[in-house]
Amino acid sequence: MTTQDALFEYLLRLGDNTLILGHRVSEWCGHAPVLEEDIALANTALDLIGQTQMWLGLAGEVEGKGRSADDLAMLRDVWDFRNVLLVEQPNGDFGQTILRQFLFDAFHFDLLTGLTKASDDRVASIAAKAVKEVTYHLDRSSETVIGLGDGTEESHTRMQAALDRLWPYVGELFAADEVDAAMQDAGIAPDLSELSSSYHTRMSAVLAEATLVAPEGGFAHSGGKTGFRHSEHLGHLLTQMQWLQRAYPGAQW
Amino acid sequence: MTTQDALFEYLLRLGDNTLILGHRVSEWCGHAPVLEEDIALANTALDLIGQTQMWLGLAGEVEGKGRSADDLAMLRDVWDFRNVLLVEQPNGDFGQTILRQFLFDAFHFDLLTGLTKASDDRVASIAAKAVKEVTYHLDRSSETVIGLGDGTEESHTRMQAALDRLWPYVGELFAADEVDAAMQDAGIAPDLSELSSSYHTRMSAVLAEATLVAPEGGFAHSGGKTGFRHSEHLGHLLTQMQWLQRAYPGAQW
Amino acid sequence: PEKLAAFQARIDAGEKIEPKDWMPEGYRKTLIRQIGQHAHSEIVGQLPEGNWITRAPTLERKAILLAKVQDEAGHGLYLYCAAETLGVSRDELTEMLLDGRMKYSSIFNYPTLTWADMGAVGWLVDGAAIMNQVPLQRTSFGPYSRAMIRICKEESFHQRQGYDIMMKMARGTDAQRKMAQDALNRFWYPSLMMFGPSDKDSVHSAQSMAWKIKMNTNDELRQKFVDQTVPQAEYLGLTVPDPNLTWNEEKGGYDFSEPDWSEFFEVIKGNGPCNTERLEARNKAWDDGAWVREGLMAHAAKKRAAKLAAE
Amino acid sequence: PEKLAAFQARIDAGEKIEPKDWMPEGYRKTLIRQIGQHAHSEIVGQLPEGNWITRAPTLERKAILLAKVQDEAGHGLYLYCAAETLGVSRDELTEMLLDGRMKYSSIFNYPTLTWADMGAVGWLVDGAAIMNQVPLQRTSFGPYSRAMIRICKEESFHQRQGYDIMMKMARGTDAQRKMAQDALNRFWYPSLMMFGPSDKDSVHSAQSMAWKIKMNTNDELRQKFVDQTVPQAEYLGLTVPDPNLTWNEEKGGYDFSEPDWSEFFEVIKGNGPCNTERLEARNKAWDDGAWVREGLMAHAAKKRAAKLAAE
C-alpha cells in the first residue's frame with residue numbers, strides 16, 4: 001500500500017466517522033427530551049457534517065479521481081465505508097445516544113489533538129479547526145453522562161445498560177492495522193496505543209463520577225474501519241442518506 | 001382524459017394499493033407476536049406482491065411506453081403513486097396493522113368482486129385470481145379484529161385506539177373522482193357508492209362483534225389516490241423499497 | 001378604569017410595556033396565548049423540515065437545514081422566555097400544547113413530501129411568517145418585541161435559503177422543475193391561510209390592534225404577501241396554482257382566489273393531514289424524555305446539596 | 001439396563017422411536033436440545049433475510065424471499081411440534097431461547113449487508129444446512145425424521161434460489177460481481193463453522209451417533225460441503241477466500257483452511273456481530289406480542305364458554 005493509498009483510506013475513516021455519527025445525531029432533530037438538547041444535538045450534528053466536508057473533500061483530492069466530498073458521501077455502498085462500528089449503532093434511547101457520543105468524543109478529541117501535529121499541513125489544519133468544536137462536544141457529553149449516570153435510579157440503570165451495550169465497540173477505535181501504521185510512519189497519525197491509555201484514564205474518571213461501571217472482558221467487535229463487515233444498521237442509514245442522489249443522478253441541488 | 005389514460009391511472013391505483021400494503025405487511029417478517037402470525041402475514045404480503053405484479057404489469061402495457069411492473073414500482077417518486085393513504089400508514093402495533101388490513105380487505109374484496117365483471121377481460125381475469133386470495137385475507141383479518149376487540153381489556157383498548165386512528169382514512173376509499181367515473185362508464189369499475197353501503201354494513205357487523213365503535217363524524221383525509229398529497233410516510237417507505245434499483249440503475253437481479 | 005386608560009395612553013404613545021408594569025388581565029392572557037402559540041409553532045415547525053435532514057441531497061444542504069432547524073429551536077427558546085415573563089412556565093405551556101389546549105400554526109400540519117418542499121417552506125412559509133412578524137417588532141410588549149427583532153433577522157435569512165433551493169430546482173432537470181411546481185401547488189393555499197381568515201370574521205382583532213399586539217389586518221398582510229410572492233414565482237418560471245390570479249391596476253395589487261377556509265377550519269380542529277403525527281411526535285419526545293429531565297435535575301440537586309454541605 | 005439394550009437394539013435395527021415409546025432420559029434431553037435449537041434457528045433465521053425483504057430489487061425477488069422466510073417460519077412450526085411430542089411446550093422452548101438458555105445456529109449472528117448476501121445465504125448457508133439435514137431424514141426419532149423429510153425438500157429449493165441470485169450477480173455488472181465476491185468473502189468461513197468444531201473436540205458425538213441422532217461426523221460433512229461448493233464457486237467465477245485451498249488427488253477432496261475457531265466460540269458466547277440484535281428482536285417481538293396472544297386466548301375462552309352455555 002502506498003502512503004497515498006493509506007492516506008486516502010485514513011481520510012475516509014475520519015470523514016466517514018463524522019458523516020455517520022453526524023447523520024445519527026441529526027435523526028434526533030425535533031425529538032429531543034428538552035429544547036436545549038434539540039439545540040445542542042443539532043449543533044453537534046452540524047459540526048460533524050462540517051468536518052465531513054473537510055475530511056472527505058481532502059480524501060477526494062488525495063485520491064485524485066475527481067470525486068467530491070458529496071460523491072464520496074452519497075455514492076458509495078456499504079463495503080466502501082470506513083467508519084468504526086460504534087458510530088453506526090442506532091440511537092436507541094437518549095442515554096444510548098449520549099453515551100455513544102461520549103465514547104466517541106473522548107477518542108475523537110485525543111485523535112484530533114494528535115493530528116494537529118501531522119506532517120501533512122492539510123490534515124493538521126483541518127484537525128486544528130475540528131478539535132475546537134470537539135472540545136466542546138466532549139465537555140458536553142461527559143457532563144451529560146455524569147448527570148444521567150449519577151441522577152435518578154432510572155437514569156442510572158439506563159446509562160449502565162447503554163454502556164454495557166456499547167462497550168464492545170470501543171476496542172475497534174484503537175485496533176491499529178496497516179493503514180494506521182503507515183500513517184504513523186508518515187508522521188501523520190498519532191500512536192493508537194498511546195491514545196488508548198489516555199482514553200481509558202479519562203474514561204475511568206468520568207465513569208467513576210457517573211457511578212457507572214465498564215463491563216469486564218476485553219471483547220471487541222471489528223470490521224467497520226476496515227470495511228470488511230459493517231453492521232446491518234449502516235445499509236438502512238444509507239437508503240435514507242443517499243436516496244435523493246441515487247434517484248436523481250447528476251442533478252444539482 | 002381518454003379512457004386509456006383513465007385505465008392507466010386506475011390500474012396504478014389498484015397496483016399501488018397492493019404494492020404499498022404488501023410492503024408494509026412484509027415489514028413484520030420475523031417480528032410477529034406469534035409464529036402463526038409470522039406465517040400468515042408473510043402469506044398476505046406475498047399475495048399482495050403477486051397481485052401488484054399483475055396490476056402494474058397491465059398498467060405498463062396499457063400505458064404503452066415500455067415500462068414494466070418493476071419500473072413502475074421502483075422508479076417513480078412519491079407524487080406518481082396512486083395508492084390510498086390508508087395503506088401507507090405505518091404498522092404501529094399489531095392491532096393497528098391488523099385493523100388497517102381489515103379496513104382495506106373489506107373494501108378490496110367488494111372492489112375485486114365488482115371487477116371480476118369488468119368489460120375488460122384482462123382486468124376481470126386478474127380480479128378473479130386476486131379475489132380468491134382476498135377472500136381469505138378478509139376472513140382472517142375480520143376474525144382477528146373480532147378476537148382482539150373482544151379479548152382482554154388491553155387488547156380492546158388498543159383496537160379501539162387503532163380504529164380511532166385509522167377511521168379518517170376510510171372515506172378516501174369511496175371518494176369517486178373522474179377516473180372512477182370514467183371506469184364506471186367504461187363498464188370496468190363498480191359503483192363506489194354501492195360499494196360504500198355494502199362496506200358499511202359489513203363493517204357494522206364485524207365491529208359490533210368486536211365490541212368496537214367507529215368514531216363519529218365523517219371527516220376523511222384525501223390526496224393518496226389522486227397523488228396530490230401523500231403522507232410523509234410514503235417517501236420513507238420508498239427510500240427502502242427503491243434503493244437498490246436507484247443505486248444500480250439498469251442492473252439485472 | 002383609570003389604570004386602563006393610563007395603560008392605553010402609554011401604548012398609544014409608543015412606550016413599551018415591561019413585565020413588572022401593570023397590565024390588564026386581557027392583555028396578559030392574549031399575549032400568553034399569542035406568544036405561546038408562536039413558540040409552539042417554532043417547536044412543531046422543526047418536524048416538517050427535520051423530516052428531510054436525513055435525506056438532504058448534499059452535505060452543504062444538510063448543514064444549512066440543520067442550522068435552520070436549530071435556529072427554530074432557538075426561536076422557541078426566546079419566545080418561551082418572553083412568555084415566562086408573563087407568569088407562565090415553559091413546562092405549563094408545553095403541556096397545553098401536548099394535550100391540545102394550545103395551538104400552533106396550522107401550516108405545520110401539512111406534510112413535506114419532496115426536497116422541493118424544503119424550498120417551498122423556506123420561500124413561502126417563512127415568507128408569510130416574516131410578513132406577520134416584521135410589524136410585531138414594534139409590538140407594545142417589550143420582551144416580545146425584542147424577541148421578534150432577533151427572530152426576524154434569522155427568518156429573512158431562512159427565506160433566502162428557501163428561495164435559493166427553489167431556484168436551483170427551477171433551473172435544474174425536468175424532474176426537479178416538476179418537483180418545484182408540485183411543491184408550489186401544495187403550499188400556495190396553506191401559505192395564504194397563515195394570515196388567518198378575513199378580519200371581517202375575526203372577533204379579537206380590534207382589541208388586539210388597539211393594544212398593538214396585532215399590527216395589521218389579516219387581509220392587508222395576505223395581499224402584501226401575494227404581491228411580493230407572485231413576481232418571485234414568475235422569476236422562477238413556476239405557475240401559481242390560481243386561475244383567477246390577475247394584476248389589478250386600480251388597487252395596485254393582485255386579485256387572487258381565497259383559500260378553502262373549510263379546509264383551514266378542519267386543520268384547526270385537528271383534521272389536517274399531519275395533526276396526529278405532529279402531536280404524537282411531540283408527545284413521544286416529551287414522554288420518552290421524562291427520565292432524562294428527571295435524571296439531570298436529580299443530579300443538579302445532589303451537586304447543590306454537596307456544595308452546601310462543603311461550605 | 002435391559003430396557004436400554006432393547007432400545008439400542010431397535011435403533012440398530014433401523015426402527016423409528018415414537019413419542020409414546022420408552023426412551024432413555026439422555027436421548028429425550030439430547031433430542032429436545034437438538035430439535036429445539038434447530039427450531040430456534042429457523043425462527044432467528046428469518047431475521048437476516050427479513051432484513052432485505054423491504055429492499056429486494058424486484059417484485060419477483062421480493063416474492064421469492066417472502067416465500068422463503070415464510071417457509072422458515074413453517075419449518076420452525078414443524079420442529080416445535082416434533083419437540084412437543086417429547087413433552088416440552090413451544091412456549092417453554094421460546095422462553096429458553098429468549099433468555100439465552102438455548103442456542104440457535106451461530107451463522108445467524110452474521111449480518112446481511114448487501115443483496116448478494118441473499119444469494120450467499122441461500123447458496124452457502126442453506127447448502128451447509130442441507131448437508132447437515134439430509135442424513136437426519138434417517139434419524140431414529142420418528143417425528144424428527146418426518147419433519148426433516150418435509151424440510152429438506154424445501155431447503156434444496158431455497159438453495160437453488162440462492163445460487164440463482166449469485167449467478168445473476170456474477171454475470172451482472174462489475175459492481176454486482178464485486179458484491180457477490182464480497183458476500184462470499186464474508187460467508188465462507190462462517191458457513192464452514194456451521195458443521196461445528198472437529199469431532200476430536202466433541203464430547204457428545206459418540207453417544208449421539210450411537211442413538212442415530214447424529215449421523216455423520218462434523219469433519220465428514222464439512223469436507224463434503226467444501227467439495228461440493230468449490231466447483232460451484234468456480235463456475236460462478238468467484239474466488240473462495242482461502243489461499244490454502246487445493247485439490248488433494250489422494251483423498252479425492254480439497255484441502256482447505258480451518259475457520260478461526262476462536263471466532264466461533266466468541267459467537268457462541270454471545271459475541272458475534274449480531275447476537276445482541278437478534279435476541280433483542282426476538283425478545284421485542286415476544287414482549288410486544290404478549291397482549292395479542294392474551295387477547296386472542298381470552299376471546300377463544302369466551303367463545304368456548306358461550307358455546308357451553310348454549311348447549
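Throughout, a chain's letter reflects where its sequence line sits, starting with A, and its residues are numbered from 1. None of these values were measured; they are calculated from a predicted model.
- For the pair R55(C) (side chain) and W243(A) (backbone), a donor-acceptor distance under 3.5 Å is absent.
- Considering all non-hydrogen atoms of both residues, S155(A) and G295(C) come closest at OG-CA, 3.8 Å.
- In this structure, M241(A) and T54(C) have side chains that are not in contact, with every pair of non-hydrogen atoms separated by 4.5 Å or more.
- Using a 4.5 Å cut-off between heavy atoms, L19(A) contacts chain C through its side chain alone, with no backbone atom that close.
- Separating the CG atom in L244(A) from the CE atom in M179(C) is a distance of 6.0 Å, to the nearest 0.5 Å.
- Only the side chain of R158(A) has a heavy atom closer than 4.5 Å to any heavy atom of chain C.
- For the residue pair A73(C) and I39(A), the shortest heavy atom distance occurs at CB-CG1, 3.5 Å.
- Between atom CG of residue L59(C) and atom CD1 of residue I49(A) there is a gap of 6.0 Å, rounded to the nearest 0.5 Å.
- Side-chain contact between S26(A) and L66(C) is present, with heavy atoms from C-beta onward closer than 4.5 Å.
- Between L35(A) and Y80(C) the shortest side-chain heavy-atom distance falls below 4.5 Å.
- For R171(C), no part lies under 4.5 angstrom from a heavy atom of chain A.
- For A32(A), the part lying near chain C is the backbone, with the side chain staying farther off; criterion is any non-hydrogen pair under 4.5 Å.
- Counting heavy atoms of neighbouring residues, nucleotides and ligands inside a 6.0 Å radius, atom CD of E209(A) does not exceed 12 of them.
- The contact between Y248(A) and chain C is made entirely by side chain atoms (from C-beta outward), counting heavy-atom distances below 4.5 Å.
- Residues H31(A) and K284(C) fail the side-chain proximity criterion, which asks for heavy atoms closer than 4.5 Å.
- The contact between E27(A) and chain C is made by backbone and side chain atoms together, counting heavy-atom distances below 4.5 Å.
- In this structure, chain C has heavy atoms under 4.5 Å from both the backbone and the side chain of W253(A).
- At a 4.5 Å heavy-atom cutoff, the contact between I43(C) and chain A is made by side-chain atoms alone.
- Of the two parts of M74(A), only the side chain, counted from C-beta on, holds a non-hydrogen atom closer than 4.5 Å to a non-hydrogen atom of chain C.
- Shown here for G30(A) and A285(C), the closest heavy-atom pair between the two residues is O-CB, 4.5 Å.
- Across all non-hydrogen atoms, the minimal contact from C29(A) to I53(C) is SG-CD1, 3.4 Å.
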> V34(A) and V292(C): side-chain contact (heavy atoms from CB on, under 4.5 Å), yes or no, with the steps?
Replying inline: CA-CA 8 Å; V34(A) 62; V292(C) 177; 5.7 Å; no
>> Apply salt bridge (charged side-chain N to carboxylate O under 4.0 Å, His left out) to residues R90(C) and E36(A) and explain how you reach the verdict.
In response: CA-CA 12 Å; R90(C) 198 209 301 180; E36(A) 285 79 357; 2.5 Å; yes
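- To the nearest 0.5 Å, atom CG of residue D93(A) and atom CH2 of residue W291(C) are 5.0 Å apart.
- Between chain C and the residues S68(A), A42(A), G22(A), the most heavy-atom pairs under 4.5 angstrom are made by A42(A).
- In terms of heavy-atom pairs under 4.5 angstrom with chain A, the leader among M297(C), E294(C), R282(C), K303(C) is R282(C).
- A distance-only check finds a donor-acceptor pair linking the side chain of Q245(A) to the backbone of P57(C) [under 3.5 Å].
- With a threshold of 4.5 angstrom between heavy atoms, A290(C) does not approach chain A through any atom at all.
- Ranked by heavy-atom pairs under 4.5 Å with chain A, the list I165(C), L77(C), D287(C) is led by L77(C).
- Note that the CD atom of Q252(A) and the CE atom of M169(C) stand 12.0 Å from one another [nearest 0.5 Å].
- A distance of 9.5 Å separates CH2 of W52(C) from CD of Q240(A), quoted to the nearest 0.5 Å.
- D70(A) contributes atom CG, which lies 11.0 Å from atom CZ of R61(C) (distance to the nearest 0.5 angstrom).
- The nearest pair of heavy atoms linking A251(A) to T173(C) is CB-CG2, 4.2 Å.
- A distance-only check finds a donor-acceptor pair linking the side chain of H299(C) to the backbone of D150(A) [under 3.5 Å].
- For a residue to count as touching a neighbouring chain, one of its non-hydrogen atoms must lie under 4.5 Å from one of that chain's; by this rule E60(C) touches chain A with backbone and side chain alike.
- Counting non-hydrogen atoms of neighbouring residues, nucleotides and ligands closer than 6.0 angstrom, the NZ atom of K129(A) reaches no more than 12 such neighbours.
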